[in-house]
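Have a look at the structure below before the remarks.
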Amino acid sequence: MLCRVGEVEVWRILEINGPFVEPEKLYPTAGPELHQVLREHAPGQLCEHSGKLILPIQGFLLKTPDHVILVDACVGNHKTATHADWHQRSDGRFMAALTAAGVAPEDADYVLCTHLHPDHVGWNTQLQDGRWVPTFPNAKYLIPADDNAAYSANPTDAYTESVLPVIEAGQAEMVQPGHCLGDHVRLLPTPGHSPGHVSVLVHSGGAEALITGDALHSTAQCHRPDWHFTFDADPELAVESRVALLEDSSETGRRVLGSHFTLPSIGRVRAAGDAFRWEPD
């Protein structure tokens, strides 16, 4: 178990933890200070051997008193992907992490997608007899409505393989920011990385934790929230969402779980002058 938030258990479901892409390609507006800021504010995230940024690909399993909820379903197996390390994988790590958390696919009540990018929806489905079928047969899949509207209009491979099949199976529900899942989980609007991107607030017994999704990709963005991320659909809106998330998290003192932060990916955000700093737990 990664942590407990009141009555809610939070488990890490890790699929990949390795070098991804050179940071200059991911943060095109960062300028010459990029490597220095990464080393100071995201220690361990820059792979000195490859020169690439290490990005964990992970979801989070929430065990509330009422529900079993998977937040983001990583890359998945046998999927079509432009990134070579994600393409046509055949790996048991994701399912092994679920098993270690004491959960089988049929136990999940909900699969909650922060957005519809390929490294967050892959295990929504699995290949069975040549067809994509929902991996979690008893789950309702919660999909941000604005993301679905955008991606259904111009379907990507990720949408066709990992989202459309759960809609066709009648297991999808389109949701808006503010949607509450029981008494302990609420979706917060953090658009910009994608049109309907949401972060996930977990609250119980006076304690809170926030799962960022892709509102941030590195703890260095606490120090430089103005850095654009190359895969943000609307970079300026993403900056606004990032700053609002950091301000709110620093004021509340809640725990923050960074979906792509260097492991263990959990800590708190503190105000630091005109920006913020990351304090790992």
Side-chain angles (χ1 to χ4, degrees), residues 10-16 56-62 64 67-77 79 81 86 94 97-98 103 105 108-126 132-182 185-202 210-217 231-233 238 241 245 257-260:
V10 183
W11 294 75
R12 175 200 318 287
I13 308 298
L14 181 67
E15 183 180 36
I16 303 171
I57 308 296
Q58 59 189 329
F60 296 98
L61 186 77
L62 310 178
T64 80
H67 301 120
V68 174
I69 305 162
L70 175 65
V71 179
D72 286 339
C74 299
V75 171
N77 282 350
K79 297 300 168 106
W86 299 355
F94 180 91
L98 279 181
V103 170
D109 298 303
Y110 293 94
V111 176
L112 201 169
C113 306
T114 59
H115 62 299
L116 300 184
H117 286 178
D119 55 322
H120 293 259
V121 299
W123 278 105
N124 280 2
T125 61
Q126 59 186 342
W132 295 110
V133 300
T135 303
F136 303 93
N138 301 318
K140 180 68 74 174
Y141 289 74
L142 303 184
I143 296 172
D146 288 348
D147 262 29
N148 189 65
Y151 292 110
S152 62
N154 186 21
T156 61
D157 288 325
Y159 187 87
T160 300
E161 295 176 351
S162 302
V163 179
L164 186 58
V166 302
I167 296 174
E168 292 177 338
Q171 290 181 230
E173 179 182 350
M174 304 303 154
V175 295
Q176 298 287 346
H179 182 87
C180 292
L181 211 174
V185 178
R186 179 160 54 93
L187 307 186
L188 301 183
T190 45
H193 182 66
S194 70
H197 187 281
V198 294
S199 299
V200 181
L201 181 66
V202 183
L210 180 77
I211 300 170
T212 64
D214 280 7
L216 301 96
H217 289 79
F231 297 116
D232 287 343
S241 292
L245 180 153
L257 286 71
S259 296
H260 293 297

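Numbering starts at 1 and runs along the sequence shown. Here the structure is a predicted model, which means the values were calculated and not measured.
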Indicate the atoms forming the closest heavy-atom contact of [X] with [Y], along with that distance.
X    : Y    : answer
S259 : G213 : OG-N, 3.1 Å
R186 : C180 : CD-SG, 3.6 Å
T135 : Q126 : OG1-N, 3.3 Å
A145 : M174 : CB-CB, 4.0 Å
Y141 : F136 : OH-N, 3.2 Å
S162 : T125 : CA-OG1, 3.6 Å

Who pairs with V68 by side-chain contact (heavy atoms from CB on, under 4.5 Å), at least two apart in sequence or on another chain? L61, V103, D109

Evaluate the side-chain proximity of [Y] to [X]: yes if any heavy-atom separation is below 4.5 Å, no if none is.
X    : Y    : answer
L14  : P56  : yes
T212 : H260 : no
D72  : I211 : no
V200 : L187 : yes
I69  : F60  : no
P144 : C113 : yes
L112 : V185 : yes

Measuring from S241:OG to D214:CG, what's the distance to the nearest 0.5 Å? 12.5 Å

Could you go through Y110 and V71, starting from their C-alpha distance and side-chain angles, then the distance that decides it, and tell me whether this counts as side-chain contact (heavy atoms from CB on, under 4.5 Å)? CA-CA 8 Å; Y110 293 94; V71 179; over 6 Å; no

Do the side chain of [X] and the main chain of [Y] share a donor and acceptor less than 3.5 angstrom apart?
X    : Y    : answer
Q171 : P134 : no
T190 : S199 : yes
N124 : V163 : no

Do W86 and I57 pass the side-chain contact (heavy atoms from CB on, under 4.5 Å) test, and can you show the C-alpha distance, the side-chain angles, and the key distance before you say yes or no? CA-CA 10 Å; W86 299 355; I57 308 296; 3.9 Å; yes

I would like to know whether L62 and L181 meet side-chain contact (heavy atoms from CB on, under 4.5 Å); could you show each step before the answer? CA-CA 11 Å; L62 310 178; L181 211 174; over 6 Å; no

Tell me whether K79 forms a cation-pi arrangement with W123, defined as NZ or CZ under 6.0 Å from the six-membered ring centre and within 45 degrees of its axis. no

Please tabulate, for side-chain N and O atoms in residues 146-153, each donor-acceptor pair with protein atoms closer than 3.5 Å (sequence neighbours left out).
from: D147; atom 1: OD1; to: S194; atom 2: OG; distance (Å): 2.9
from: D147; atom 1: OD1; to: G196; atom 2: N; distance (Å): 2.6
from: D147; atom 1: OD2; to: L116; atom 2: N; distance (Å): 3.0
from: D147; atom 1: OD2; to: S194; atom 2: OG; distance (Å): 3.0
from: N148; atom 1: OD1; to: Y159; atom 2: OH; distance (Å): 2.8
from: Y151; atom 1: OH; to: H117; atom 2: NE2; distance (Å): 2.9
from: S152; atom 1: OG; to: N148; atom 2: O; distance (Å): 2.6
from: S152; atom 1: OG; to: A149; atom 2: O; distance (Å): 3.4

On the 0 to 90° scale, with breaks at 30° and 60°, tag the H197-H115 ring pair as parallel, tilted or perpendicular. tilted

